Amino acid sequence: MGRVSGKVALVTGGASGIGLSAARLMVREGAKIVIADYNVDAAKEAAEHIVHEGGEAEGLFLDASQADSIKDAVAYTVERYGSLTILFNNVGVTNLKKDLDVVNIDLDEWDRLMNVNTKSVLLGCRFAIPHMVESGGGSIINTASMAAFAGDSVRSAYGASKAAVVNLTRYIAAQYGKDKIRCNGVAPGLILTPAAKNSMPPAVLDIFAKYNALPYHGEADDIGNTVLILASDESKFITGQTIQVEGGHYMANPSIADFNQFLAQA
Ligand SMILES: NC(=O)c1ccc[n+]([C@@H]2O[C@H](COP(=O)([O-])OP(=O)(O)OC[C@H]3O[C@@H](n4cnc5c(N)ncnc54)[C@H](O)[C@@H]3O)[C@@H](O)[C@H]2O)c1
């Protein structure tokens, strides 16, 4: 008996990185999965791989910026597998060129990020919750980010959109808890997904490593395993929380590395 046996999950942005990790781990623990992604070829390929290994999965096109597309993905999942009891709202986008400080940010980019990163979470819940109520409950997991909890020099829209996800998570948990629907978030720090690995020069990775409490970077499965716990009944008394999975990067005095250097020289 797997940890999520008998459950049906829709994973948005599931063709790569964090979403793909969560999908694979949930399948391994007995869930049936719809992997919904803008990159439909990669979504279908991931699903075929899972089926080849004996799991149950389907790949599906999703454009999380479009309400109808999210509605269709929910309807497809229920039609294909008979219910929807786990929703992993994972799609999120960022743009280092246009999402700048508040004076220089491109306002169209602000709207785009609020739409894709925040409104897609609202819409996923809006369409999935009636099916979860019908099934007697469910678990919703939203991907936030540590950018929700700290200020930064750029990415104002990304940080605000993810902070909204953290509080929306509490509102959904408060509104549907009595229907046995739990809603939690996961807030990754830097996670070396293929996209992050390809876009970050080694010098930037070194900066992140310097401020981690742990001596290594995060990997997609660190988030996937957290999602698995939140999806399973092991976490049946946890709701409205956003779990920070970030290697201790943000939990200590931010000047600790410099302070240690000072002590060594004193
Ligand atoms: N990797 C990190 O360091 C990190 C840190 C904090 C938060 N996050 C968050 O984790 C989530 C997943 O990130 P990842 O690193 O795995 O990224 P990724 O690029 O590896 O995967 C994201 C997936 O989402 C899909 N996608 C993008 N826009 C879409 C849309 N409009 N509709 C449907 N699918 C779409 C992409 O095709 C891709 O398969 C995002 O919400 C991101 O903001 C990531």
Side-chain angles (χ1 to χ4, degrees), residues 10-25 34-47 59-74 76 87-96 99 109 111-121 123-124 141-150 152 155 157-166 168-169 185-200 204-205 207-209 211-212 216-227 230 242-247 249-250:
L10 171 61
V11 179
T12 75
S16 164
I18 289 168
L20 181 57
S21 163
R24 282 188 180 140
L25 290 167
V34 172
I35 295 173
D37 201 288
Y38 199 81
N39 185 346
V40 66
D41 290 342
K44 285 188 185 294
E45 198 180 313
L60 183 72
F61 173 77
L62 169 75
D63 181 355
S65 70
Q66 303 296 322
D68 283 350
S69 187
I70 299 174
K71 192 176 185 179
D72 289 350
V74 168
Y76 177 86
L87 172 64
F88 184 25
N89 282 313
N90 170 64
V91 166
V93 288
T94 185
N95 184 335
L96 276 169
D99 182 10
E109 195 60 11
D111 290 343
R112 188 178 79 93
L113 265 59
M114 288 297 165
N115 188 38
V116 176
N117 294 356
T118 310
K119 195 174 175 189
S120 70
V121 171
L123 290 169
I141 302 110
N142 301 323
T143 303
S145 165
M146 286 309 295
F149 300 102
D152 214 333
R155 298 210 301 168
Y158 184 77
S161 70
K162 292 296 192 177
V165 168
V166 171
L168 191 55
T169 296
V186 59
L190 175 67
I191 300 297
L192 291 189
T193 56
K197 254 190 242 171
N198 292 338
S199 65
M200 298 247 181
V204 175
L205 294 181
I207 295 172
F208 273 93
Y211 291 99
N212 285 352
Y216 40 81
H217 289 294
E219 297 169 359
D221 281 357
D222 293 317
I223 308 300
N225 278 308
T226 308
V227 172
L230 292 173
T242 292
I243 299 184
Q244 303 184 355
V245 185
E246 44 77 270
H249 190 94
Y250 297 79

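As the structure lists them, so they are numbered: ligands from 1, and atoms in each ligand from 1. Every value quoted in this text rests on a predicted model; they were computed, and no experiment measured them.
Between the N90 side chain and the G13 main chain, a donor and an acceptor come within less than 3.5 Å of each other. Without hydrogens or angle criteria, N212 side chain to Y216 main chain gives a donor-acceptor distance under 3.5 Å. In this structure, the side chain of T242 does not engage the main chain of A187 through any donor-acceptor pair within 3.5 Å.
Closest to atom 29 (C) of ligand 1 among all protein heavy atoms lies V91 CG1, 3.7 Å. Given atom 35 (C) of ligand 1, the protein heavy atom at minimum distance is Y38 CB, 3.6 Å. With hydrogens left out, the protein atom closest to atom 12 (C) of ligand 1 is N90 OD1, 3.5 Å, a heavy atom. Here the heavy atom of the protein found nearest to atom 6 (C) of ligand 1 is P188 O, 3.3 Å. When only non-hydrogen protein atoms are considered, atom 22 (C) of ligand 1 lies nearest to G13 O, 4.3 Å. Closest to atom 20 (O) of ligand 1, if we only count protein heavy atoms, is S16 OG, 2.6 Å. Scanning the protein for heavy atoms near atom 1 (N) of ligand 1, the closest one is I191 O, 3.3 Å. What sits closest to atom 14 (P) of ligand 1 on the protein, heavy atoms only, is T193 CG2, 4.0 Å.
Contacts between K162 and ligand 1, counted as non-hydrogen atom pairs separated by less than 4.0 Å, involve the side chain only. The proximity of A195 to ligand 1, defined as any non-hydrogen pair under 4.0 Å, is limited to the side chain. Counting heavy atoms under 4.0 Å from ligand 1, residue A36 does not touch it at all. Contacts of I18 with ligand 1, taken as heavy-atom pairs under 4.0 Å, involve both backbone and side chain. Using a 4.0 Å cut-off between heavy atoms, V93 contacts ligand 1 through its side chain alone, with no backbone atom that close.
The atoms of ligand 1 that sit less than 4.0 Å from any heavy atom of Y158 are 6 (C), 7 (C), 8 (N), 9 (C), 42 (C), 43 (O). Atoms of ligand 1 lying under 4.0 Å from at least one heavy atom of G17, given by number and element, are 16 (O), 20 (O). When each atom of ligand 1 is checked for a heavy atom of D63 under 4.0 Å away, the hits are 31 (N), 32 (N). Which parts of ligand 1 touch A144 is read off a 4.0 Å heavy-atom cut-off, strictly below it: atoms 7 (C). In summary, the atoms of ligand 1 found under 4.0 Å from a heavy atom of T143, numbered by their order in the structure, are 9 (C), 10 (O), 11 (C), 41 (O). Ligand 1 places these atoms under 4.0 Å from at least one heavy atom of G92: 40 (C), 41 (O), 43 (O).
S65 and R112 share no side-chain donor-acceptor pair at under 3.5 Å. No hydrogens or angles considered: a donor-acceptor pair under 3.5 Å links the side chains of S21 and D221.
Summarising the contacts of atom 5 (C) of ligand 1 with A187, S145, G189, the nearest heavy atom is found in G189. The residue among D37, N39, V11, L190 with a heavy atom at the shortest distance from atom 37 (O) of ligand 1 is D37.
Counting heavy atoms from C-beta outward, L113 and D99 have side chains that approach closer than 4.5 Å.
Per-atom contact check: atom 17 (O) of ligand 1 does not touch the protein, criterion being a heavy-atom distance below 4.0 Å.
Distances from ligand 1 to the non-hydrogen atoms of G218 include no value under 4.0 Å.
Ring pair H249/F208: centre-to-centre distance below 6.0 Å.
More than 12 heavy atoms of other residues, nucleotides or ligands sit less than 6.0 Å from atom OH of Y250.
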